[in-house]
Amino acid sequence: VCEKFGLIALAPQSAKAEKWEPTETAFVRKSLDDVATRYSIDPTRIATYGYQAGGAMAWLVGFEHVDKIRAICAVDAAPPARSKAPENDPINRLAYYLASGQKSPAAATLKAIATRLEAAKFPVVQRSLGDAPRDLTAEELAELARWIDSLDRI
């Protein structure tokens, strides 16, 4: 998908295989900065992505690094309880791509968050993934890639 759409996927791993620690957002930022020194990167199309626990980290990285991140893509993942969304800033604007299964534990929370974000005039895309919690399919990843490619127009 990345090759087809001209995207770069940076896939850092947490120190512990079973979970991310909130302090690891700095590591993700350093990894992103390192990639940016090696490749020509469009700063308007930098997005975080994650499924479940990885999605929680996507929220944290996006919230903490609004100077760099332009979109948060969370699949079956609500933001951590202690995290705080940044204000809607037209210069450092965040867009959101939120997807979940209807029977996901995160579904109701994501719906409520999407409503609040839309009320604050953030661009939000919501996707239903059917009943059960799951990650995105190849077709859905292609849709996400097209959405990321359009971030410079949002």
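If you read the sequence from its start, that first residue is 1, and numbering goes on from there. Note that this is a predicted model, so its numbers are computed, not measured.
- Hydrophobic clustering (ILVMFWY, side-chain heavy atoms < 4.5 Å, transitive): Tyr51 and Tyr97 are in one cluster.
- The salt bridge (Lys or Arg N to Asp or Glu O under 4.0 Å) check on Asp34 picks up Arg38, with sequence neighbours excluded.
- In this structure, Thr37 has no side chain to side chain donor-acceptor pair (under 3.5 Å) partners at least two apart in sequence or on a different chain.
- Applying the side-chain contact (heavy atoms from CB on, under 4.5 Å) rule to Val35 yields the partners Ile8, Leu10, Tyr39, Ile41; only residues at least two apart in sequence or on another chain are considered.
- Here Arg82 pairs with nothing under the side chain to side chain donor-acceptor pair (under 3.5 Å) rule; sequence neighbours left out.
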Verdict with reasoning, Leu136 to Tyr49, per side chain to side chain contact (heavy atoms under 4.5 Å, CB included): CA-CA 11 Å; Leu136 300 180; Tyr49 170 86; 3.8 Å; yes

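- A donor-acceptor contact shorter than 3.5 Å links the side chain of Ser31 to the backbone of Phe27.
- No continuous path of hydrophobic side-chain contacts links Ile46 to Val1 [ILVMFWY only; heavy atoms under 4.5 Å].
- In this structure, Glu64 and Pro22 have side chains that are not in contact, with every pair of non-hydrogen atoms separated by 4.5 Å or more.
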In a table with atom names and distances, give each donor-acceptor pair under 3.5 Å that connects a side chain of residues 11-18 to protein atoms at least two apart or in another chain.
from	atom 1	to	atom 2	distance (Å)
Ser14	OG	Lys16	O	2.4
Ser14	OG	Lys19	O	3.1

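- Residues in residues 4-13 take part in no salt bridge (Lys or Arg N to Asp or Glu O under 4.0 Å) pair, two or more places apart or across chains.
- Leu110 and Leu60 fall within the same hydrophobic cluster, where Ile, Leu, Val, Met, Phe, Trp and Tyr residues are linked whenever their side-chain heavy atoms come under 4.5 Å apart, directly or through other members.
- Closest of all the heavy-atom pairs between Gly62 and Leu94 is O-CD1, 4.0 Å.
- For Arg116, there are no salt bridge (Lys or Arg N to Asp or Glu O under 4.0 Å) partners, not counting sequence neighbours.
- Annotation: side-chain contact (heavy atoms from CB on, under 4.5 Å) contacts of Leu7 (sequence neighbours excluded): Cys2, Phe5, Ala145, Ile148.
- Side-chain contact between Trp59 and Thr48: absent, with no pair of heavy atoms (C-beta onward) separated by less than 4.5 Å.
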For residues 66-78, dump all side-chain donor-acceptor pairs below 3.5 Å to protein atoms at least two apart in sequence or in another chain.
from	atom 1	to	atom 2	distance (Å)
Asp67	OD1	Arg29	NH1	3.0
Asp67	OD2	Arg29	NH1	3.2
Asp67	OD2	Arg29	NH2	3.0
Arg70	NH1	Val66	O	2.8
Arg70	NH2	Asp67	O	3.4
Arg70	NH2	Asn92	OD1	3.1
Asp76	OD1	Gly101	N	3.2
Asp76	OD1	Ser104	OG	2.7
Asp76	OD2	Arg134	N	3.0

Working for side chain to side chain contact (heavy atoms under 4.5 Å, CB included), residues Leu129 and Glu140: CA-CA 9 Å; Leu129 302 178; Glu140 291 162 341; 3.6 Å; yes

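- Evaluation of the side-chain contact (heavy atoms from CB on, under 4.5 Å) rule for Val124 yields Tyr96, Leu98, Ala114, Leu117, Glu118, Phe122, Gln126 as partners, not counting sequence neighbours.
- Shown here are the side-chain contact (heavy atoms from CB on, under 4.5 Å) partners of Ala56, two or more places apart in sequence or in another chain: Pro80.
- Two residues are said to be in side-chain contact when any heavy atoms from C-beta on lie closer than 4.5 Å; Phe63 and Lys84 fail this criterion.
- Within the structure, salt bridge (Lys or Arg N to Asp or Glu O under 4.0 Å) contacts touching residues 40-54 (residues at least two apart or in different chains) are Asp42-Arg45, Arg45-Asp149, Arg45-Asp152.
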